[in-house]
Amino acid sequence: MLPRGRPRALGAAALLLLLLLIGFLLFGGDLEYGRPPGAGTLDGDRSADRGGHNHSDCVPPPPPLPRCELLHVAIVCAGHNSSRDLVTLVKSVLFYRKNPLHFHLVTDAVARNILEMLFYTWMVPAVRPHVSWIPNKHYSGLYGLMKLVLPAALPPDLARVIVLDTDVTFASDIAELWALFAHFSDEQVIGLVENQSDWYLGNLWRNHRPWPALGRGFNTGVILLRLDRLRQAGWGQMWKLTATRELLTLPATSLADQDIFNAVIKEHPGLVQPLPCIWNVQLSDHTLAERCYSEASDLKVIHWNSPKKLRVKNKHVGYFRNLHLTFLGYDGSLLRRELFGCPSPPPSGAEQVQRALAHLDEEDACFEFRQQQLTVHRVHLTFLPHEPLPPRPHDVTLVAQLSMDRLQMLEALCRHWPGPMSLALYLTDAEAQQFLRFVEASAVLSARQNVAYHVVYREGPLYPVNQLRNVALAQSLTPYVFLSDIDFLPAYSLYDYLRASIEQLKLGSERKAALVVPAFETLHYRFRFPSSKAELLALLDSGSLYTFRYHEWPRGHAPTDYARWREAQTPYRVQWAADYEPYVVVPRDCPRYDPRFVGFGWNKVAHIVELDAQEYELLVLPEAFAIHLPHAPSLDISRFRSSPTYRDCLQVLKDEFHQDLSRHYGAAALKYLTALQPPRGPT
């Protein structure tokens with residue numbers, strides 16, 4: 001009935017306060033959609049009490065919908081967990097749908113940020129997402145009651161809408177549900193499925209006092225709303241008067257909006273059109289749903305309305321769970337399919353991408369690189385709950401990217417870096433669920449609330465390393481960022497040392513600089529991490545550590561001048577040199593990484609060139625260090641080493657990068673052209 005993380009019980013005092021606030025919302029509020037028209041009256045008492053509602057399962061089939069009729073779906077979504085649930089719900093809807101859809105997403109600020117980016121990058125044809133939100137600071141706990149105010153929150157010219165909880169899974173075309181509006185009488189305004197438990201009968205335990213309901217009551221996980229009739233009927237006044245009266249004798253709502261809907265229907269039974277039970281098969285703790293699905297030929301919507309969700313106890317739960325898990329791990333990019341015969345404007349940006357893809361030559365040896373550069377990856381920001389601390393002066397976020405084969409690095413990284421982190425993970429839909437379970441099972445990771453994980457869904461043959469970095473960089477919330485890689489462990493003291501150095505060097509206000517963190521590596525999977533520079537130098541002298549890539553690509557870090565660093569006690573400036581690719585600390589608004597570099601090779605080098613072109617000083621910090629840990633080579637580096645074509649394509653990208661530098665910086669870019677060398681092994 002309600003997504004995880006949303007309050008399920010509202011005290012009487014809190015609810016009365018909300019009623020006053022919602023009155024302001026309805027008649028002078030600040031929702032983006034504007035105010036509703038004036039209210040009339042609607043007398044639902046003329047209809048007889050319907051008692052049970054199982055007869056609704058035998059209703060005749062509704063007339064077929066026009067092929068391209070636009071269907072409107074409203075979903076209330078608040079927080080990180082509900083945003084993840086919503087993605088699975090939307091996948092199940094898109095899988096079966098044959099009509100254009102308009103999603104009306106009513107969110108808090110957290111979900112708004114997530115869902116706007118998700119739908120923008122999903123680019124599903126014939127889907128219009130509209131994300132509106134209510135500032136959380138005004139209405140604490142309001143989202144449990146938001147469905148009651150949808151007639152006011154949604155566009156005033158919208159007449160009909162399907163309202164869904166985020167914890168439902170579709171097993172049929174949503175157009176079949178929309179078609180049930182045809183069965184509404186002139187008085188009916190709400191379509192609901194009967195509650196499939198004894199909750200409202202009041203006999204589940206001693207002193208159980210539910211809110212009033214008609215018979216078993218109705219479940220509000222799936223609702224059909226005639227918004228036009230609700231507005232004309234004065235729905236806002238109707239439910240508020242009912243709720244206020246009931247709160248004189250009842251201490252709280254247990255099931256939020258559902259209790260109030262049922263109290264209104266008890267008083268006005270003619271308002272409701274009972275829907276077939278197959279449109280809301282409820283898997284609650286005390287469900288009687290078997291009475292429905294044991295006789296039904298097919299089920300349409302599964303509702304995980306137990307707080308235990310997929311772990312609810314039910315002898316048939318395995319069947320329902322498998323249906324849900326199918327969509328949980330389903331590749332959402334496969335749902336970017338056209339509705340042939342239903343012309344609709346393309347999603348924002350999609351037409352430009354399609355034109356660019358159409359101009360590619362599949363016979364081009366570098367076609368894979370070109371195609372990967374143009375791929376728009378679905379992005380799910382803050383995939384897990386993220387509670388950053390208030391930003392502090394000179395604070396630094398560690399920025400990195402990773403794929404599934406580097407998850408084991410996360411716990412060690414969290415132990416070494418106590419500060420905020422912004423990490424982009426390149427995963428399939430199924431891997432994203434494995435990652436979720438990995439974090440939940442880790443005491444170290446689950447305890448950290450200042451680590452933001454952003455899932456970029458995998459698509460294409462090459463690793464979009466710089467696109468991932470840009471996602472993580474764009475979501476950083478602190479004034480400065482440490483641009484690292486996931487296979488590096490920073491010194492235990494590095495976070496505090498960087499903040500102190502930024503303040504001491506007066507970065508930002510008085511100088512434009514990139515602080516270089518010297519990079520080292522070990523070839524041992526087990527070794528004692530140095531607690532100080534002195535210990536690191538001892539390991540370096542004993543051969544347990546090396547300067548990074550000393551054996552394979554010394555050009556990448558030679559300008560750091562490790563000999564000088566050994567003796568340095570204060571920061572020192574170094575000059576840019578060809579193929580230099582240090583790990584740096586820079587302001588958050590630094591240049592973004594060049595997304596043309598995918599796979600292995602030159603992705604960091606190009607970024608350092610850009611920093612130098614924009615006149616960033618390169619300052620090496622004397623007490624800073626990070627150590628690279630050994631791991632199996634990635635697929636991309638293996639292809640780089642084994643394929644001459646791969647290396648040739650990288651050279652083509654480098655040439656194009658230098659041409660763009662010349663166009664942008666003119667004569668100042670000449671030094672980069674003269675320093676150009678054939679690629680060998682930079683990252």
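Heavy-atom basis, side chains included; hydrogens, waters and symmetry copies ignored.
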When the ring centroid of [X] is compared with that of [Y], is the distance short of 6.0 Å?
X      : Y      : value
Phe95  : Phe327 : yes
Phe369 : Tyr646 : yes
Tyr453 : Phe435 : yes
Tyr593 : Trp602 : no
His454 : His380 : no
Phe320 : Tyr293 : yes

Does the side chain of [X] reach to within under 4.5 Å of the side chain of [Y], using non-hydrogen atoms?
X      : Y      : result
Trp304 : Gln282 : no
Tyr96  : Lys300 : no
Leu65  : Leu71  : yes
Phe597 : Leu650 : yes
Ile223 : Leu192 : yes
Leu384 : Val451 : no
Pro461 : Glu368 : yes
His607 : Asp594 : no

Original post:
Got more than 12 heavy atoms from elsewhere within 6.0 Å of CD, Glu69?
Top reply: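 Count over threshold, so yes.
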Original post:
For atom CZ of Phe184, is the number of surrounding heavy atoms from other residues, nucleotides or ligands below 6.0 Å larger than 12?
Top reply: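 Result for CZ/Phe184: enclosed.
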Under 4.0 Å between a Lys/Arg side-chain N and an Asp/Glu carboxylate O for [X] and [Y]?
X      : Y      : answer
Asp257 : Lys147 : yes
Arg336 : Glu459 : yes
Asp429 : Lys91  : yes
Asp361 : Arg370 : no
Arg458 : Glu431 : yes

Closest contact, heavy atoms only, [X] versus [Y]:
X      : Y      : value
Ser422 : Thr397 : N-CG2, 3.5 Å
Leu611 : Pro591 : CD2-CD, 3.6 Å
Cys77  : Thr166 : CB-CG2, 4.4 Å

Original post:
Within 45 degrees of the axis of the six-membered ring of Phe383 and under 6.0 Å from its centre: does Arg84 put its NZ or CZ there?
Top reply: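 The answer is yes; both the distance and angle limits are met.
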Subject >> Cation-pi geometry met for Arg378 and Tyr457 (6.0 Å, 45°) >> reply: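 That pair qualifies as a cation-pi contact.
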Subject >> Short side-chain donor-acceptor distance under 3.5 Å, Arg592 and Asn466 >> reply: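 The criterion, which ignores hydrogens and geometry beyond distance, is not satisfied for Arg592 and Asn466.
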**OP:** Return the orientation label for the Phe181 and Trp178 ring planes: parallel under 30°, perpendicular over 60°, tilted otherwise.
**Re:**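 Perpendicular.
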